[in-house]
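Please read the structure below before turning to the comments.
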Amino acid sequence: MKKFLLLTIAASLLHAEESTSPYMALAYGVVLLLVAIIGFIIFSRFKKPAAKKRMQKENSTLKASKSADPELVEQYRIDMKKIKIENQPFRLSGMLHILTNKISEPLKASGHQLHYDVDNEVGRYIVGDNDYIEQVLEALMEDVIAMNSNQEVVLHISKEKEQHIVFDVYNPTAVLSKTELAHYMDTIAGKEADERFSAFIKARNIAEAMGGSIEVKSSKRNGTHFLFKIPYIEDRDNRSNQEKLKKFLTGKKALFIGKTKYETKRAQYIFDTFGIKIEHMNLSDFENKKPDLKKYDMAILRSSSLTPKHISFFKKIHQSGKKDFKTIIVHELFEDEKTINFSKSIADAELYNPTIIGDVEEILYQMFILKSKAVKGISNMDTFSTDAFAIKGNHDFSEEDLQKFRGAHIAVAEDSKVDMRVMRNILNNIDGIKLFTVNNGIELMDLLEKEEIDFIFADINMPLLDGLTMTRRIRSKPKWEHIPIISISSMAFKQEVRAMQLAGMNAAITKPITAQDVYTALEKFLVITPKIEMHLTQCHSQDLDYKCNTYVLNVEKGVEDAGSPENYLELLQETMDLLQGSDEKLKALIKNEEYTALKEFSHSMLELYGNIQANEMVKMFEELTYYLSSRKKPYLMEYTMLYKKNMQRLQDEIDALEQHLHKKG
């Protein structure tokens with residue numbers, strides 16, 4: 001516009017020079033100048049509202065796209081290091097299996113060998129928040145996997161002076177450049193980092209919220225290490241069977257066949273824990289010498305190396321009456337189904353690489369103490385279809401379709417906060433069901449004793465009591481054997497899917513969880529009985545019948561998004577708890593004129609308040625974002641006072657809603 005004004009003035013002067021009459025020239029120039037000035041004023045008045053309207057439209061689009069995101073509050077909680085840590089005993093090998101599932105795709109693409117080295121003093125169970133620990137390890141493992149290919153990546157878990165559990169994630173052949181190492185160091189120090197480090201920043205924030213830390217080391221000699229430390233908490237119940245096994249197994253001998261000396265050495269420390277002595281024999285020596293196995297108590301073989309002659313040889317050993325001799329088969333991580341099935345006839349126990357000390361402890365206990373077959377994640381069936389076990393929803397469900405599930409009592413056992421919220425949001429779209437949520441298998445067993453449950457969704461890896469053990473206990477009770485149990489799983493490996501079926505689960509839905517998969521599971525396995533229809537008559541309508549100040553809080557829209565008034569109230573309370581102190585942060589950013597950080601803060605507030613339908617707050621931060629984007633800074637300190645006032649108005653609305661629901665319920 002400024003250029004247009006200058007050109008207009010220049011044109012008026014030019015015409016003035018060319019005019020034959022000085023009076024006409026002057027008049028002409030004045031008219032053009034006035035037109036230019038009026039045009040500039042009009043343009044200036046309409047430009048800002050148009051820009052503001054465009055900004056509001058962009059923010060509204062952003063808000064709409066984020067309002068249904070169940071991870072929004074959780075992500076902000078992680079960013080602010082305000083996560084709620086739930087320290088409970090959990091089975092370490094179970095968490096590592098879940099971790100393997102999560103990193104399976106990049107691991108397979110890279111061609112790396114994966115190893116888990118767990119020191120025996122760590123124990124079979126550790127105490128901590130397994131959900132957040134797994135999230136940190138996933139981010140670190142993906143980083144070391146991406147550093148090169150066709151090498152090895154290792155997770156070594158140790159205990160440091162009864163003070164810390166140390167997770168050392170490393171790639172022994174990868175070396176970071178000085179620039180890359182400096183980026184990691186800056187990120188650890190809290191300096192601004194680019195988007196490539198977003199997963200690492202999340203891991204750092206979680207570690208620090210847990211009272212722990214992450215350290216990065218890299219050198220040509222030792223490779224690249226991510227050292228993740230958390231405070232050590234003693235497992236007072238001491239769920240390990242190591243001492244009992246060591247007394248029974250000390251002096252027994254194991255023959256490793258077909259494994260390299262390096263692999264034998266790596267596994268040596270595991271079997272040393274139980275007092276078992278290991279000898280190594282390569283495959284060619286075994287085939288040529290056919291050793292006398294009487295001096296051994298067990299043989300450990302790699303399934304990928306076996307031939308029909310080997311199978312025949314070990315079948316004869318079993319048929320000869322040497323009942324105490326055990327054969328342990330070790331499968332590779334991405335082994336094909338044909339190779340796995342080929343070795344089943346001679347296996348007393350089966351393991352999968354990466355071998356974990358907790359799994360070895362379990363199979364030894366089953367074989368030598370319980371005197372039973374020890375199958376870790378493998379079925380004894382001749383045929384098995386993973387695809388048939390996994391539920392895939394291939395159509396949308398209308399409200400009318402969902403009516404058929406009304407009256408059902410549905411339980412969800414899930415320790416992941418994000419996945420639990422996803423399940424609640426999906427299931428609460430079904431009017432007339434009664435939903436029960438628990439965090440682990442023990443809580444679900446208690447729930448079954450108190451309530452009539454018609455359907456169960458359960459995670460596999462949970463603290464205190466995992467999903468597989470929980471399912472086996474449920475199936476052992478005739479009164480519960482009819483209840484459908486659907487696994488919530490990553491399902492990266494067929495052997496783990498088989499373990500679900502062996503435990504007694506009916507099917508599995510895969511993560512990330514979708515509404516179509518959940519509804520398809522209900523459609524396929526929920527049987528509507530007269531008892532469920534009787535439940536329906538006892539259900540309360542979810543009509544809210546509540547008048548609110550929609551300028552401050554759109555309760556009707558919030559309940560619609562959350563699925564129920566109770567879910568919406570929980571989301572409101574969680575968000576307000578998370579935003580405690582945000583008024584002081586806003587004040588500090590404005591006072592210190594940190595406008596880039598203030599813009600990011602406003603963006604986060606727009607997402608969070610948009611997520612709970614807090615309209616007044618959204619309007620305020622849209623306005624603040626506009627001023628920051630237009631580079632015009634009015635007296636911004638006024639927003640600190642306005643924010644406090646709006647927060648109080650919002651809290652009053654939430655308190656009123658809570659009181660209404662309390663009276664109604």
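Here the structure is a predicted model, which is why all the values come from computation and not from measurement.
Considering OG1 of T355 and CG of D117, their distance stands at 10.0 Å, rounded to 0.5 Å. Note that CD1 of I165 and CD1 of I230 are 6.5 Å apart. Values are rounded to the nearest 0.5 Å. Note that OG of S343 is 6.0 Å distant from CD1 of I311, once rounded to the nearest 0.5 Å.
Residues satisfying the salt bridge (Lys or Arg N to Asp or Glu O under 4.0 Å) test with D419, not counting sequence neighbours, are K511. Checked against side-chain contact (heavy atoms from CB on, under 4.5 Å), T173 has the following partners two or more places apart in sequence or in another chain: N148, Q151, N171. Taking E443 as the reference, nothing meets the salt bridge (Lys or Arg N to Asp or Glu O under 4.0 Å) condition, with sequence neighbours excluded.
By the 6.0 Å contact criterion, CD on E208 is enclosed, its count of non-hydrogen atoms from other residues, nucleotides or ligands being greater than 12. Other residues, nucleotides and ligands place more than 12 heavy atoms under 6.0 Å from the CZ atom of R475.
Here the side chains of V136 and L140 are in contact, with some heavy-atom distance below 4.5 Å. Residues M470 and L444 are in side-chain contact: their nearest non-hydrogen atoms beyond the backbone lie under 4.5 Å apart. Here the side chains of N440 and D466 are not in contact, with every heavy-atom distance at 4.5 Å or above. The side-chain heavy atoms of K178 and L181, taken from C-beta on, include no pair separated by under 4.5 Å. Side-chain contact between K477 and E481 is absent, with no heavy-atom pair separated by less than 4.5 Å. Between I133 and F90, some side-chain heavy-atom pair lies under the 4.5 Å cut-off.
One finds no salt bridge joining K309 and E287 here, because no Lys/Arg side-chain nitrogen approaches an Asp/Glu carboxylate oxygen to under 4.0 Å. One finds a salt bridge joining E362 and R124 here, because a Lys/Arg side-chain nitrogen approaches an Asp/Glu carboxylate oxygen to under 4.0 Å. With salt bridges taken as basic N to acidic carboxylate O contacts below 4.0 Å, none links E142 and K102.
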Show, in sequence, the C-alpha distance, side-chain angles and deciding distance for D517 and T514, and conclude whether the side-chain hydrogen bond (donor to acceptor under 3.5 Å, both in side chains) test is met. CA-CA 5 Å; D517 290 351; T514 68; 3.3 Å; yes

Apply side-chain hydrogen bond (donor to acceptor under 3.5 Å, both in side chains) to S218 and T224, showing your working. CA-CA 4 Å; S218 188; T224 298; 2.9 Å; yes

Output, in order, the C-alpha distance, side-chain angles, deciding distance and verdict of ring pair (Phe, Tyr, Trp, His ring centres under 6.0 Å) for F256 and F271. CA-CA 11 Å; F256 271 38; F271 285 85; 5.7 Å; yes

Stepwise, does the side-chain hydrogen bond (donor to acceptor under 3.5 Å, both in side chains) test hold for R91 with S93? CA-CA 6 Å; R91 188 165 58 93; S93 60; 2.9 Å; yes

Show your reasoning for whether side-chain hydrogen bond (donor to acceptor under 3.5 Å, both in side chains) applies to Q242 and T273. CA-CA 7 Å; Q242 285 186 14; T273 302; 5.4 Å; no

Side chain to side chain contact (heavy atoms under 4.5 Å, CB included) between I486 and I456, worked out: CA-CA 6 Å; I486 306 299; I456 297 170; over 6 Å; no

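Aromatic ring centres of F314 and F286: separated by under 6.0 Å. Between F226 and F167, the gap from one ring centroid to the other reaches at least 6.0 Å. For an aromatic pair to be called close, the ring centres must be under 6.0 Å apart, and H156 with Y170 fails this. Here F525 and F455 keep their ring centres 6.0 angstrom or further from each other. You'll find the ring centres of Y352 and H331 inside the 6.0 Å limit.
Taking the ring centre of Y232 as origin, the terminal cationic atom of K159 falls inside the region bounded by 6.0 Å and 45° from the ring axis.
Listed here is the closest heavy atom pair of N439 and P463: O-CD, 4.2 Å. Smallest separation of non-hydrogen atoms from H280 and N282: CE1-N, 3.8 Å. Shown here for G128 and N87, the closest heavy-atom pair between the two residues is CA-OD1, 3.3 Å. When every heavy atom of I188 is checked against every heavy atom of E215, the shortest pair comes out as CD1-CA, 4.3 Å. For P308 against F342, the heavy-atom pair with the smallest separation is N-CZ, 3.6 Å. For I488 against D459, the heavy-atom pair with the smallest separation is O-OD1, 3.1 Å.
Distance alone, capped at 3.5 Å, is enough to place a donor-acceptor pair between the D348 side chain and the T327 backbone. Remark: the backbone N or O of A109 is not paired with any side-chain donor or acceptor of H112 at under 3.5 angstrom.
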